[in-house]
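Start at 1 and go down the list; that is how both ligands and their atoms are numbered. For the numbers below, each heavy atom of this structure counts, side chains included, while hydrogens, waters and symmetry mates do not. Just so we're clear, the structure is a prediction, and the values are computed from it rather than from any experiment.
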Amino acid sequence: MFDKILIANRGEIALRVLRACKELGIATVAVHSTADANAMHVRLADESVCIGPPPAKDSYLNVPALLAACEITGADAVHPGYGFLSENARFAEILADHNLHFIGPKAEHIRLMGDKIEAKKTAKRLGIPVVPGSDGGIGPGDDAMAIAKKIGFPVLVKAAAGGGGRGMKVAQTEADLQLALSTASNEAKAAFGDGSVYLEKYLTKPRHIEIQILGDGRGGAIHLGERDCSLQRRHQKVWEEGPSPILNAAARAKIGETCAKAMREMQYLGVGTIEFLYEDGEFYFIEMNTRIQVEHPVTEMITGIDLVIEQIRVAAGGDLPCAQEDIVINGHAIECRVNAENPVSFRPSPGKILQYHPPGGLGVRIDSAVYQGYVIPPYYDSLVGKLIVHGKTRGECLMRLRRALDEMVVDGVETTLPLFRGLVREPSIIDGDYHIHWLEHYLAAGD
Ligand code: ADP
């Protein structure tokens, strides 16, 4: 096992990793920008190192500063959390070159899955069903119109390097295609330095269902069921739940086994998520995330498995926690991402939290790094915290969530709590009857 882990992140995920390290008896090093000197992850860690000024590129993405922090503290492993350097294959390689362990997959797998075109080809090869689309990138010599017509409109132009919903444009008809291609490509070039794009059939009413997997890097892999993340705004998840209200045990076992089998074949190491769109009983792979995800607590609540602890154990060469047949889905969990944003315009609302009261009671979990008097800096994401609620059934979970949302107080900044208080009382949500465009329609109707 590792002796000392440097946590190359901030906010709630830094705290989440820190908690796992404490339980495992591993010493922790927090890193922080000058804007985060008073952050909770810094206060709770055994040691801390300032790695630069507020902009992420000068601090949380500053590889030389992170290496220096490992060196001076004697850390032997780095946990990247999510975002920042978590899916940067080069970072994993640089750490290895310095005899440091990267707590994540093998660099080759991060690289492979980071390119969505290659990821789709790999998924197909491993027997995972994919969204119909162009077989690879759209090059200058390709007749994009012919390919799009073959797929059938509407089509979606997607960036190979895409992430966070960027570099994605819908072409409803032939007339929209050229503009969609150039806008998606330009957006991707500006955001990721890579303008390659590909085409996909645009599914009109799918759900987003993702499978959590865990691999030991030696050909062992299990799946831990699914999360339904269909409630999205601008392709960003807002509410996640598990199990999916529309999947039965047989369908879960089938898609789960397909994913686990693919991961065994790859000899995948660590946690990962295989994301699908699901429509008319069919799964269509869209991408794989090779990191711990924001919504991982949903799976923890219904399986009882601490994903971060298991991620650290397998990274250190340990075994999987159990066999596939020992994974039992217990009850239902829902996560709400509470952001410091105006609940109508979604404009970020950084500033000082004057009053903070997190809800409690049976089945209620808060993953957050804020406290009363904390100032949310304007430089990073606007997550105040994740409220995760568990119940024996989906009905009990909703009942508890309604109560927990009403109990939660965050004053001083605007938050998206009013949005969730409305959602949890909506008939379509209560019935579990929604798809990936439902929330956008709901928000537009409320304007
Ligand atoms: P990113 O990496 O930017 O998050 P994804 O490929 O994971 O991109 O897609 C994000 C979201 O965009 C999906 O959850 C879904 O809502 C939407 N989306 C992606 N592909 C399609 C598609 N082929 N048809 C319809 N919606 C899609």
Side-chain angles (χ1 to χ4, degrees), residues 82-83 86-88 110-124 128-135 137-138 147-148 150-172 176-177 180-181 183-185 187-192 194-212 226-241 244 259 272-280 282-291 293-295 298 337 381 434-443:
Y82 52 65
S86 60
E87 289 175 297
N88 187 314
I110 302 176
R111 187 166 285 126
L112 185 67
M113 292 302 171
D115 181 323
K116 294 177 148 198
I117 294 171
E118 288 307 313
K120 246 181 118 170
K121 283 186 185 160
T122 307
K124 216 169 158 177
I128 296 175
V130 304
V131 189
S134 55
D135 282 331
I138 300 285
I147 299 172
K150 201 169 149 219
I151 299 168
F153 284 90
V155 297
L156 185 62
V157 183
K158 293 176 84 170
R166 279 174 302 176
M168 226 186 281
K169 288 284 170 281
V170 187
Q172 291 292 349
D176 306 330
L177 185 64
L181 281 167
T183 352
S185 177
E187 203 175 297
K189 197 159 207 164
F192 315 107
D194 173 7
S196 342
V197 293
Y198 61 107
L199 293 181
E200 224 165 52
K201 174 88 194 142
Y202 182 67
L203 301 174
T204 49
K205 279 187 174 176
R207 296 181 78 112
H208 174 118
I209 296 179
E210 56 188 35
I211 306 293
Q212 176 69 54
E226 82 283 9
R227 295 182 289 261
D228 193 319
C229 314
S230 303
L231 283 181
Q232 305 181 349
R233 182 181 164 269
R234 299 198 172 161
H235 306 302
Q236 299 260 41
K237 298 159 189 166
V238 170
W239 155 308
E240 300 101 348
E241 62 180 297
S244 168
C259 293
T273 304
I274 307 188
E275 298 194 336
F276 294 93
L277 295 178
Y278 179 81
E279 196 171 63
D280 300 328
E282 299 289 336
F283 282 96
Y284 302 97
F285 171 88
I286 46 173
E287 69 162 343
M288 175 168 182
N289 291 320
T290 55
R291 56 163 195 273
Q293 281 188 298
V294 177
E295 61 271 27
V298 167
R337 298 192 190 188
D381 68 26
Y434 56 83
H435 52 78
I436 60 166
H437 305 299
W438 185 92
L439 184 60
E440 298 270 7
H441 294 160
Y442 169 83
L443 292 169

Self-check item: ligand 1 contact on K201 by region, counting heavy-atom pairs under 4.0 Å
Solution: backbone
Self-check item: Considering all heavy atoms, the nearest K169-A180 contact
Solution: CB-O, 3.8 Å
Quiz item: Any salt bridge between D115 and K121, counting N to O under 4.0 Å?
Solution: no
Quiz prompt | Residues K237, E275: salt bridge by 4.0 Å N-O rule | solution = yes
Self-check item: Part of L277 within contact of ligand 1 (heavy atoms, under 4.0 Å)
Solution: side chain
Exercise. Write out the residue and atom name of the closest protein heavy atom to atom 20 (N) of ligand 1, then the distance separating them to 0.1 Å.
Key: K158 NZ, 2.9 Å
Quiz item: At a 4.0 Å threshold, what atoms of ligand 1 neighbour a non-hydrogen atom of G165?
Solution: 1 (P), 3 (O), 4 (O)
Quiz item: In ligand 1, which numbered atoms sit nearer than 4.0 Å to a non-hydrogen atom of Y202?
Solution: 24 (N), 25 (C), 26 (N)
Self-check item: Closest non-hydrogen atom pair, A148 against L177
Solution: CB-CD2, 3.8 Å
Quiz item: Which of the atoms in ligand 1, numbered in the order shown and given with their element, are less than 4.0 Å from a heavy-atom of E275?
Solution: 7 (O)
Quiz item: In terms of residue, atom name and distance, what is the protein heavy atom nearest to atom 26 (N) of ligand 1?
Solution: I436 CD1, 3.4 Å
Quiz item: For atom 10 (C) of ligand 1, what is the nearest protein heavy atom, given as residue, atom name and distance?
Solution: M168 CE, 3.8 Å
Quiz item: ligand 1 and V131, any nitrogen or oxygen pair closer than 3.5 angstrom?
Solution: no
Practice problem: Provide the number and element of each atom of ligand 1 under 4.0 Å from a heavy atom of L156. | Solution: 19 (C), 20 (N), 21 (C), 22 (C), 23 (N), 27 (C)
Quiz item: Going by the order shown, which atoms of ligand 1 are within less than 4.0 Å of some heavy atom of H208?
Solution: 13 (C), 14 (O)
Quiz item: Which of the atoms in ligand 1, numbered in the order shown and given with their element, are less than 4.0 Å from a heavy-atom of L203?
Solution: 24 (N), 25 (C)
Quiz item: Is there a donor-acceptor pair under 3.5 Å between the side chain of S185 and the backbone N or O of L181?
Solution: no
Practice problem: Ignoring hydrogens and angles, state whether a donor on the side chain of R337 or Q236 is under 3.5 Å from an acceptor on the partner side chain. | Solution: no
Exercise. Below 4.0 angstrom from a heavy atom of E287, which ligand 1 atoms are there? Numbered from 1 as shown, please.
Key: 1 (P), 2 (O), 4 (O), 5 (P), 7 (O), 8 (O)
Quiz item: Closest non-hydrogen protein atom to atom 8 (O) of ligand 1, residue and atom name please, with distance?
Solution: K116 NZ, 3.0 Å
Quiz prompt | Backbone N/O of H208 and side chain of S230: donor-acceptor pair under 3.5 Å | solution = yes
Self-check item: Minimum-distance pair of heavy atoms, taken over all atoms of Y82 and R291
Solution: CB-CD, 3.6 Å
Quiz item: Is there a donor-acceptor pair under 3.5 Å between the side chain of T273 and the backbone N or O of N289?
Solution: no
Practice problem: Can you figure out which of H437, K237, H235, Q232 has its heavy atom closest to atom 16 (O) of ligand 1? | Solution: Q232
Exercise. Ignoring hydrogens and angles, tell me if any N or O in the side chain of S134 forms a donor-acceptor pair with the backbone of Y198 under 3.5 Å.
Key: no
